[in-house]
Amino acid sequence: MPIDATQPYDPANLFARILRDEIPSRRVYEDEWAIAFHDIAPAAAVHILVIPRGPYVSWDDFSARASDAEIAGFIRAVGQVARAQGLARPGYRLLANTGPHGGQEVPHLHVHLFGGQPLGAMIAR
Ligand code: AMP
C-alpha cells in the first residue's frame, strides 16, 4: 500500500531496520551518508536501492529538511553506486517514488537505480 506522505518518520520502517542490519540485505555500498542494496524484487537486470542514513520519510521530506552536507553526500553516493556497478557508460535510470501518487510503499527515502539493459519508455499511461 502506498504510504501517507504526511506521516512522521517511523524508526521501525523496513529500510530503517535494514540500515541497522536487523533485516538482511544484499548491500553493495555504504559510506557516511548512504547505503545501497539490491531490491528484493528486481524490475530490471540491475535494480539497486540507495537510501540516506538520516531519518527522512521521502524525497519531499529530505529535500526540505536535510542539511546541505547530507544532500551532497547522498547525491554523490547515488552516482558512486552507479559507477561502481558499471552503469554510467551504458546509462541508467533513477526513480524516487514519493507519496501516494508516486506509489511509495516504504516510508524511508529511497532512490531506485535501474540499469543493465535498455529501459524503454519512461512511463506507461
Ligand atoms: P517503493 O514502492 O518506491 O516504496 O519501493 C519499495 C521497494 O522496496 C520495492 O521495489 C520492493 O521490491 C523493495 N523491497 C521490499 N522489501 C525489500 C527488502 N527486504 N529488501 C530489499 N528491497 C525490498
Side-chain angles (χ1 to χ4, degrees):
M1 281 286 288
I3 66 162
D4 170 0
T6 62
Q7 68 186 287
Y9 184 79
D10 172 11
N13 79 76
L14 176 64
F15 290 169
R17 299 182 67 197
I18 284 178
L19 254 173
R20 295 193 296 264
D21 271 330
E22 294 168 6
I23 291 177
S25 68
R26 291 171 57 212
R27 209 177 270 211
V28 295
Y29 180 86
E30 57 190 322
D31 67 18
E32 181 183 356
W33 305 107
I35 72 167
F37 51 92
H38 287 280
D39 195 291
I40 204 166
V46 177
H47 184 174
I48 290 169
L49 301 170
V50 191
I51 72 174
R53 287 193 185 272
Y56 300 101
V57 173
S58 66
W59 181 268
D60 181 59
D61 187 26
F62 184 71
S63 60
R65 290 199 305 112
S67 69
D68 290 356
E70 286 175 298
I71 291 171
F74 180 65
I75 299 288
R76 287 201 187 280
V78 174
Q80 178 60 31
V81 171
R83 284 188 293 278
Q85 294 291 318
L87 302 178
R89 190 56 58 90
Y92 59 93
R93 180 171 295 160
L94 300 178
L95 178 70
N97 293 322
T98 304
H101 275 201
Q104 182 179 359
E105 296 193 332
V106 180
H108 182 114
L109 169 61
H110 47 286
V111 167
H112 296 256
L113 204 167
F114 301 105
Q117 62 176 87
L119 293 163
M122 187 170 72
I123 204 162
R125 227 195 126 90

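Start at 1 and go down the list; that is how both ligands and their atoms are numbered.
Taking every heavy atom of His112 and a limit of under 4.0 angstrom, the matching atoms of ligand 1 come to 1 (P), 3 (O), 5 (O), 7 (C), 10 (O). Against a heavy-atom cut-off of under 4.0 Å, Val106 is close to the following atoms of ligand 1: 4 (O), 6 (C). The Gly103 neighbourhood of ligand 1 comprises atoms 2 (O), with distances under 4.0 Å to a heavy atom of that residue. Within ligand 1, counting atoms from 1 as listed, the ones closer than 4.0 Å to a heavy atom of Glu105 are 1 (P), 2 (O), 4 (O). In the vicinity of Ala41, heavy-atom distances shorter than 4.0 Å reach the ligand 1 atoms 12 (O). Close approach of ligand 1 to Asp39 is summarised as follows: ligand atoms under 4.0 Å from at least one heavy atom of the residue are 7 (C), 8 (O), 9 (C), 10 (O), 11 (C), 12 (O), 13 (C), 22 (N). Each of the following atoms of ligand 1 lies closer than 4.0 Å to a heavy atom of His38: 21 (C). Interface atoms of ligand 1 facing Asn97, defined by a heavy-atom separation under 4.0 Å, are 1 (P), 2 (O), 3 (O).
Across all non-hydrogen atoms, the minimal contact from Arg65 to Asp61 is NE-OD1, 2.7 Å.
Dense packing is recorded around CZ of Arg93, with more than 12 heavy atoms of other residues, nucleotides or ligands lying under 6.0 Å away. The local environment of CZ in Arg20 is crowded, with over 12 non-hydrogen atoms from other residues, nucleotides or ligands closer than 6.0 Å.
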Evaluate the criterion salt bridge (Lys or Arg N to Asp or Glu O under 4.0 Å) for residue pair Glu70 and Arg53; output intermediate values, then yes/no. CA-CA 9 Å; Glu70 286 175 298; Arg53 287 193 185 272; over 6 Å; no
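Under the 4.5 Å side-chain criterion, counting only non-hydrogen atoms from C-beta, Phe15 is not in contact with Leu109. The closest side-chain heavy-atom distance from Ile48 to Asp39 is not below 4.5 Å. Counting only heavy atoms from C-beta outward, the side chains of Val50 and Phe74 approach each other to under 4.5 Å.
With respect to atom 14 (N) of ligand 1, the closest heavy atom belonging to the protein is Ile40 CG2, 3.7 Å. Nearest to atom 16 (N) of ligand 1 among the protein's heavy atoms is Leu14 CD2, 3.2 Å. Of the protein's non-hydrogen atoms, the one nearest atom 8 (O) of ligand 1 is Phe15 CZ, 3.4 Å. Atom 1 (P) of ligand 1 has His110 NE2, 3.1 Å as its closest protein atom, hydrogens excluded (heavy atom only).
Using the six-membered ring where Trp is involved, Phe62 and Trp59 have ring planes that are tilted, between 30° and 60° apart.
The OG atom of Ser58 sits 11.0 Å away from the CG atom of Asn97 when rounded to the nearest 0.5 Å.
Only the side chain of Leu49 comes within 4.0 Å of ligand 1, judged by heavy-atom distances.
The shortest N/O to N/O separation between Phe37 and ligand 1 does not fall below 3.5 Å. Geometrically, ligand 1 and His47 share no nitrogen or oxygen pair separated by less than 3.5 Å.
Separation of the His110 and His108 ring centroids does not fall under the 6.0 Å cut-off.
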